[in-house]
> 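Please find one structure pasted underneath; my questions will follow.
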Number of protein chains: 2
Amino acid sequence: MKLNDQEVAVELNGKRYHCAMDITMDYIGGKWKTVVLWYLRNDKKRFGELRKLIPQMTERMLSIQLKQLEEDGLIRREVFTDKPPLKVEYSLTDFGLSLLPVLDAVAKWGRELGQSNGKLVEIN
Amino acid sequence: MKLNDQEVAVELNGKRYHCAMDITMDYIGGKWKTVVLWYLRNDKKRFGELRKLIPQMTERMLSIQLKQLEEDGLIRREVFTDKPPLKVEYSLTDFGLSLLPVLDAVAKWGRELGQSNGKLVEIN
DNA sequence: GCAATAACTATCAAAAATGGTAGTACCGAA
DNA sequence: TTCGGTACTACCATTTTTGATAGTTATTGC
């Protein structure tokens, strides 16, 4: 790709980005990632808990999103096999926590838009 | 769609959203919208200017994004035919301006990630 | 009349994201 | 040894998004 004077290319993990927006959206873009991250913002959550919290999302999508978020280093996955029922907990890493200002801004805007239309928008 | 106790559904313009994140991401999601909005954050820009600023985006995509942003009420489109060369200017509406905190947060995070990897990330 | 500029639009194709459903792996309890 | 709980994974189909390129409209200057 040819770049002109105005352009600045950044390469991270083999991906080439055009600008700062690009980078962030690559991490949180798509239909579900922000939602999952939002539910993890305070506490760790188990797979099944997330399922119940976001019933619109299929198990398949939840699984895919969690895997990608883990690969991106935003969340960590901890497995507990010691005590009988298999337990897997997901939580934000420090890197994931650094996204909080973004998530807050996104949540705030959506909430305000919903409210200004007289609709209730709550979460958690 | 059946909703359980935890869920809150919001309906805006015929679309149903699950939560605040949903709403915002519907407005700014996708590969290009945040980039276009970012370039419009300070001044109005013409179609051709945006093209030059974002050469990776095809005219087709630029056209589609601008149209959607306009339909969503985030930007306005002004046509000037009085003086010879056809001129179309795009700028943020008040509604679009309300997104600035979100755009800032998104830009900041991406910029910092780029910088922490020793890469330069500039825009505009 | 003809080229040039600006702002699109149309067409076709490919890639990416999402959805629905069924099935698997691993335990311990009964 | 079958059963239930938990956390997935496989498979296939569909929808959505994006890309490449050529063509269109309108207008002015030459």
Side-chain angles (χ1 to χ4, degrees), chain A residues 1-2 14-19 21-22 25-36 39-40 44-72 75-91, chain B residues 1-2 14-19 21-22 25-36 39-40 44-72 75-91:
Chain A
M1 195 194 335
K2 186 122 177 304
K15 289 178 183 170
R16 188 168 210 162
Y17 300 102
H18 166 242
C19 67
M21 311 307 268
D22 256 5
M25 294 310 280
D26 193 37
Y27 280 86
I28 65 167
K31 193 170 175 180
W32 300 113
K33 284 192 183 157
T34 51
V35 180
V36 173
Y39 277 111
L40 292 176
K44 47 187 63 166
K45 292 265 160 59
R46 300 178 55 180
F47 188 88
E49 290 181 295
L50 289 169
R51 276 227 58 197
K52 278 174 210 151
L53 288 166
I54 322 171
Q56 296 81 355
M57 180 166 39
T58 62
E59 292 187 37
R60 180 181 129 73
M61 287 315 293
L62 178 55
S63 179
I64 289 174
Q65 302 308 316
L66 288 170
K67 192 166 299 176
Q68 288 183 5
L69 290 170
E70 195 195 353
E71 277 174 15
D72 286 342
I75 66 175
R76 80 174 62 82
R77 177 177 182 272
E78 291 173 290
V79 187
F80 300 89
T81 35
D82 43 322
K83 290 183 182 172
L86 174 58
K87 212 166 93 174
V88 181
E89 287 184 346
Y90 294 92
S91 54
Chain B
M1 196 195 332
K2 185 121 178 302
K15 289 179 186 172
R16 188 168 211 165
Y17 300 102
H18 165 244
C19 67
M21 310 308 269
D22 256 5
M25 294 310 281
D26 193 36
Y27 280 86
I28 64 167
K31 192 170 175 179
W32 300 114
K33 283 190 183 158
T34 50
V35 179
V36 173
Y39 278 111
L40 292 176
K44 46 186 63 166
K45 292 265 160 60
R46 299 176 57 180
F47 187 88
E49 291 181 295
L50 289 170
R51 277 228 56 200
K52 278 173 212 153
L53 288 166
I54 322 171
Q56 297 81 354
M57 180 165 39
T58 62
E59 292 188 35
R60 179 180 129 74
M61 287 314 292
L62 178 56
S63 179
I64 289 174
Q65 302 307 316
L66 288 170
K67 193 166 296 174
Q68 287 184 5
L69 291 170
E70 194 194 354
E71 276 174 15
D72 286 342
I75 66 175
R76 82 174 62 82
R77 177 177 181 273
E78 292 174 289
V79 186
F80 300 89
T81 34
D82 43 323
K83 289 185 182 171
L86 174 59
K87 211 165 92 172
V88 181
E89 287 184 345
Y90 295 91
S91 55

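Chain letters run A, B, ... following the sequence lines, proteins first and then strands; every chain starts at 1.
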> With sequence neighbours excluded, what pairs up with B/Lys31 under the side-chain contact (heavy atoms from CB on, under 4.5 Å) test?
none
> Below the 4.0 Å mark, does C/dC8 have OP1 or OP2 next to a side-chain nitrogen or oxygen of B/Ser63?
no
> Would you say A/Lys87 places a side-chain N or O within less than 4.0 Å of OP1 or OP2 belonging to C/dC27?
no
> Run through B/Arg16, B/Lys15, B/Lys33 and flag the one making a salt bridge (charged side-chain N to carboxylate O under 4.0 Å, His left out) with B/Asp26.
B/Lys15
> Locate the shortest heavy-atom distance separating A/His18 from B/Leu53; write the atom from each residue and the value.
NE2-O, 3.7 Å
> Rounded to the Å, how far apart are A/Leu66 CG and D/dT9 P?
10 Å
> Using whole Å, report how far CD of A/Glu49 lies from P of D/dG5.
17 Å
> Check the distance between C/dA6's C1' and B/Leu62's CG and give it to me in whole angstrom.
13 Å
> Verify the contact: side-chain N or O of A/Arg46 to OP1 or OP2 of D/dG5, cut-off strictly under 4.0 Å; return yes or no.
no
> Between P on D/dA7 and CZ on A/Phe47, what's the gap in Å once rounded to a whole number?
8 Å
> Is there a side-chain contact between A/Gln56 and A/Trp32 (heavy atoms, below 4.5 Å)?
yes
> Mind checking side-chain hydrogen bond (donor to acceptor under 3.5 Å, both in side chains) for A/Ser91 and listing every partner two or more places apart, or none if nothing turns up?
A/Arg76
> Nearest whole angstrom, please: distance from the P of D/dA7 to the CD of A/Glu70.
15 Å
> Walk along nucleotides 14-21 of chain C from 5' to 3' and tag each nucleotide B, S or - by protein heavy-atom contact under 4.0 Å, base first, then sugar-phosphate.
----BBB-
> How is A/Lys67 classified with respect to the nucleic acid when contacts are heavy atoms under 4.0 Å: base, sugar-phosphate, or nothing?
sugar-phosphate
> Do B/Met25 and A/Met25 come close enough that some side-chain heavy atom pair is under 4.5 Å?
yes
> What is the distance from OH of B/Tyr90 to P of C/dA6, rounded to the nearest Å?
15 Å
> Rounded off to whole Å, could you give me the CG-to-C1' distance for the A/Leu86 and C/dT24 pair?
13 Å
> Mind listing the closest non-hydrogen atom pair of A/Ile75 and A/Leu66 along with its distance?
CD1-O, 3.5 Å
